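Scroll down for the structure; my scribbles are underneath it.
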Number of protein chains: 4
Amino acid sequence: MPQDPGSTRIGRPRSEESRAAILDATWRLLKTTTLRDLSIEAIARESGVGKTTIYRWWPSKVAVVIDAFLANALLATPYPERSSSIEAITQQMASLVQALSGEYGHILAQIIAEGQANPDALDSYRNHFVNHRRAEVKAIIQRGIENGEFTPGLDPDLAIDILYGPIYYRLLVGHLPLDQQFAKELPEWAMKALKPT
Amino acid sequence: MPQDPGSTRIGRPRSEESRAAILDATWRLLKTTTLRDLSIEAIARESGVGKTTIYRWWPSKVAVVIDAFLANALLATPYPERSSSIEAITQQMASLVQALSGEYGHILAQIIAEGQANPDALDSYRNHFVNHRRAEVKAIIQRGIENGEFTPGLDPDLAIDILYGPIYYRLLVGHLPLDQQFAKELPEWAMKALKPT
Amino acid sequence: MPQDPGSTRIGRPRSEESRAAILDATWRLLKTTTLRDLSIEAIARESGVGKTTIYRWWPSKVAVVIDAFLANALLATPYPERSSSIEAITQQMASLVQALSGEYGHILAQIIAEGQANPDALDSYRNHFVNHRRAEVKAIIQRGIENGEFTPGLDPDLAIDILYGPIYYRLLVGHLPLDQQFAKELPEWAMKALKPT
Amino acid sequence: MPQDPGSTRIGRPRSEESRAAILDATWRLLKTTTLRDLSIEAIARESGVGKTTIYRWWPSKVAVVIDAFLANALLATPYPERSSSIEAITQQMASLVQALSGEYGHILAQIIAEGQANPDALDSYRNHFVNHRRAEVKAIIQRGIENGEFTPGLDPDLAIDILYGPIYYRLLVGHLPLDQQFAKELPEWAMKALKPT
DNA sequence: CACTAAACGAGACGGTACGTCGAGTCTTGGA
DNA sequence: TCCAAGACTCGACGTACCGTCTCGTTTAGTG
């Protein structure tokens with residue numbers, strides 16, 4: 001995911017072909033193994049690329065996987081433009097539950113898991129998947145506070161955790177499914193915590 | 001009079017000494033490595049025990065770790081006997097946040113992480129750490145519904161996820177700390193979702 | 001192969017049943033594995049006997065095997081009573097080649113092989129299979145020297161090596177078979193080295 | 001013009017340094033242990049080489065040992081150019097007895113022993129140490145038959161076994177030493193079996 | 001008939017080595 | 001300068017036996 005912006009580099013240029021082959025192979029392999037059991041060796045083998053090439057451009061397995069994820073699965077679930085903050089969030093939460101119930105959820109879970117043994121991986125995850133999203137919803141919540149949908153004095157960070165925490169909890173612990181009913185009821189009930197009495 | 005089943009086992013009896021040494025060493029090693037980097041080989045080396053002995057009694061690394069966890073950190077955080085369900089839960093949530101903010105939280109996170117690549121581990125985690133706890137709080141919530149503290153029609157499972165999800169979210173994603181403020185505010189706000197309007 | 005001759009021992013006497021079971025199992029296993037791959041563990045398993053019992057009565061794997069060999073295969077090939085030394089030896093050599101061409105030869109070879117890494121085993125082999133046989137044939141050769149069949153001044157030890165060495169050479173190196181032709185021609189030709197010119 | 005096969009191999013070339021270190025360590029270890037007790041693990045440890053590297057280039061322990069043997073002990077004992085076949089063979093036999101009485105004999109014995117449990121090892125032994133030597137002496141014997149030194153109708157294979165069998169017999173069974181006297185007397189006497197009367 | 005004492009089966013114990021896999025690094029020739 | 005190929009050291013995997021040990025049980029003789 002690197003590289004020298006702007007200047008004209010000398011020597012043989014990076015092979016776009018290899019880059020694509022690596023990300024493709026990674027994505028393909030992730031469908032049949034877990035991130036933990038995925039090996040750089042296997043990626044190199046599967047993509048017909050030298051191990052060195054992978055090590056040259058990515059610092060770690062997770063970095064490759066995150067790139068592969070970004071290349072293959074944008075995981076949009078945008079916040080719809082609505083007059084109401086509550087409606088916008090509710091709708092997005094439902095989309096997210098739906099999205100995470102499948103393959104994407106599985107891989108995201110693997111990335112978070114990897115992050116427990118690997119601070120860089122967790123950092124990377126937060127930078128690519130968390131921070132931007134939280135900023136976005138934080139703005140919407142702020143707006144909700146201002147227009148009276150939410151309790152004044154509400155801490156947006158805490159609010160986000162209350163709304164989204166349950167989703168990741170189920171994703172990672174798996175005690176109950178990320179199903180339609182959950183997608184519908186979670187926003188309904190959790191949102192009550194944010195509304196003024 | 002009932003006969004103790006399997007009481008008189010033949011052959012050399014299991015060495016309690018070895019068992020303890022293994023769990024001790026595991027716990028000790030977990031403080032300096034991650035579960036993923038912990039190896040059976042290292043446990044054997046550190047505890048002065050043959051690898052065979054470990055494999056004889058535990059099916060996997062995680063199983064040892066869970067036993068070590070249970071032996072070293074009961075992670076009590078019981079629900080205090082209170083007249084009010086809300087008070088009982090509030091208090092326990094605060095204790096839990098406090099407990100998970102340290103070493104125990106770190107190791108629990110590792111176990112959940114391991115579970116993402118290893119269904120048996122996740123199962124084991126749920127059986128040892130989740131199911132019992134959820135049943136307990138479910139009963140308290142039920143009581144709260146009955147005595148009017150909580151909205152009739154509230155799904156206890158969903159309620160639990162709203163209350164505790166944020167804790168595990170922060171534990172695993174680490175975007176914000178499990179600090180005192182969180183321990184105080186989360187129950188206050190999240191509980192609002194459960195109360196009748 | 002031990003035990004306290006004469007005195008009346010107290011305590012539970014050695015189990016003849018176990019002894020037989022061990023030798024049987026050993027013999028049975030030797031037909032499908034090599035001596036090297038034969039394990040005490042397997043003998044115990046196969047004979048339904050505790051490992052301890054084997055270690056109590058035999059100092060090593062080879063000792064068991066030699067006992068099993070002696071119990072199951074006396075490997076007679078006696079020297080026939082003949083007027084002529086040459087005829088007696090010739091006949092016995094042919095019998096020996098025949099005997100060693102099959103299962104017994106295979107196992108004897110294994111024992112000699114084991115002996116290369118294990119002086120005790122080689123000693124044991126010589127005591128049980130070599131010394132007595134050599135003494136016997138030495139006497140016959142001596143007689144042959146005296147009655148003029150063999151050259152005066154012939155060293156019986158050297159003579160034995162010339163006669164029998166080729167047999168063990170083929171047995172162990174396996175470059176050529178221990179077949180009927182060899183059984184017939186070896187004595188014919190080798191004997192010429194011993195006769196007076 | 002024939003193309004050098006495998007000449008321009010790509011990838012990192014094999015490390016001659018490692019190869020030498022492995023053979024050296026093997027040879028060194030063989031002086032203090034037996035082939036049976038020699039472990040690949042120990043060779044790797046002693047030579048400072050990864051186990052993988054050994055397994056990459058040799059299929060088995062014996063293969064390494066044979067290479068180490070060939071590298072360290074060519075065991076020349078050539079047949080001197082002589083007018084007389086008898087003299088040539090006599091001389092070489094004496095050299096061989098001398099050579100096998102020491103370290104080389106010990107290791108050769110180990111290899112033959114290993115061969116009893118391992119057909120590939122025995123094959124390897126024959127290919128590297130036996131076949132060529134036998135062909136050589138066979139030619140000399142043939143010449144001896146033609147020029148009247150040996151009995152017409154003599155089977156060279158049988159002749160070789162009569163001459164050399166006793167040497168290997170003593171080497172492997174160890175009932176008598178491979179000493180100077182044996183080196184002198186064996187050819188004298190055994191040769192008589194081959195000569196015309 | 002109780003008592004002693006050795007042998008017995010079962011099986012757990014600390015070890016060593018097995019042959020394999022992947023990690024991350026290094027070293028070639030060719031593009 | 002990049003790339004593929006592939007060799008390098010290292011360390012862990014889970015398994016098989018080693019020879020020793022500790023049990024409860026069995027089987028005789030002796031008192």
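By convention in this document, chain letters (A, B, ...) are assigned in the order of the sequence lines, proteins followed by strands, and residues within each chain are numbered from 1. Everything numeric here is computed off the predicted structure, so don't read it as measured data.
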* To do: Examine distances only and state if a side-chain atom of B:Q116 and a backbone atom of A:Q110 form a donor-acceptor pair shorter than 3.5 Å.
  => no
* Starting at the 5' end of DNA chain E, which residue's closest nucleotide do you reach first, C:V49 or B:E16? -> C:V49
* In whole angstroms, how far is the C1' atom of E:dA5 from the CD1 atom of C:I10? -> 5 Å
* **Nearest-nucleotide comparison on DNA chain F, the residue closer to the 5′ end among C:Y55 and D:R19** => D:R19
* **D:K61 side-chain N/O to D:R36 backbone N/O, donor-acceptor pair under 3.5 Å** => yes
* Asked: Is the number of heavy atoms from other residues, nucleotides or ligands within 6.0 Å of CD (B:E16) greater than 12?
  -> yes
* Donor-acceptor pair present, D:T52 side chain and F:dA7 base, under 3.5 Å -> no
* To do: Would you indicate whether the side-chain heavy atoms of A:V64 and A:I54 approach each other to under 4.5 Å?
  => yes
* Integer-rounded Å distance: F:dA4 P and A:I54 CD1 -> 9 Å
* To do: Would you indicate, yes or no, if F:dC8 has its OP1 or OP2 atom less than 4.0 angstrom from a side-chain nitrogen or oxygen of D:W57?
  => yes
* **Side-chain heavy atoms of A:I43 within contact of A:L38, under 4.5 Å** => yes
* Would you mind reading off the distance between C:I43 atom CD1 and F:dA16 atom P, rounded to a whole angstrom? => 18 Å
* Asked: Counting side-chain heavy atoms from C-beta on, which of E:dC8, F:dC18, F:dT22 comes nearest to C:S18?
  -> E:dC8
* Side-chain contact test, heavy atoms from C-beta onward, threshold under 4.5 Å: evaluate it for D:I22 versus D:W57 and give yes or no. => no
* Atom-pair distance (CZ on C:R36; P on E:dC18), nearest Å -> 11 Å
* Asked: To the nearest angstrom, how far is C:I40 atom CD1 from E:dG9 atom P?
  -> 14 Å
* **Below 4.0 Å: OP1/OP2 of E:dA6 and any side-chain N or O of C:R14** => no
* Looking only at side-chain atoms of D:E41, point me to the closest of F:dC17, E:dA23, E:dA17. => E:dA17
* Structure fact -> Side-chain contact check for D:R12: nearest option of E:dC18, E:dT27, F:dT22 is E:dT27
* OP1 or OP2 of E:dG24 sitting under 4.0 Å from any side-chain N/O of A:W58? -> no
* Look at all strands and tell whether D:T53 reaches a base, only sugar-phosphate, or nothing, counting heavy atoms closer than 4.0 Å. => base
* Pick the nucleotide of DNA chain E nearest each of D:K61 and D:P13; which residue has the one closer to the 5' end? -> D:K61
* To do: Could you tell me, to 10°, how much the axis swings from one end of the helix from E:dC1-F:dG31 to E:dA31-F:dT1 to the other, five pairs per end?
  => 10°
* Asked: What is the distance, rounded to the nearest whole Å, between atom CG of D:D37 and atom P of F:dC17?
  -> 17 Å
* Nearest whole angstrom, please: distance from the P of F:dA16 to the CD of C:E46. => 16 Å
* Is the count of non-hydrogen atoms from other residues, nucleotides or ligands lying under 6.0 Å from B:E103 atom CD greater than 12? -> yes
* Could you check whether the rings of D:W27 and D:F69 sit parallel, tilted or perpendicular, using 30° and 60° as the cut-offs? => perpendicular
* Asked: Does A:K51 get its side chain close enough to the base of F:dG6, under 3.5 Å, for a donor-acceptor pair?
  -> no
* Of the nucleotides F:dA12, E:dC13, F:dC17, which one has an atom closest to the side chain of B:R45? -> F:dA12
* **Atom pair distance, as rounded to whole Å: CD in B:E17 and C1' in E:dA12** => 13 Å
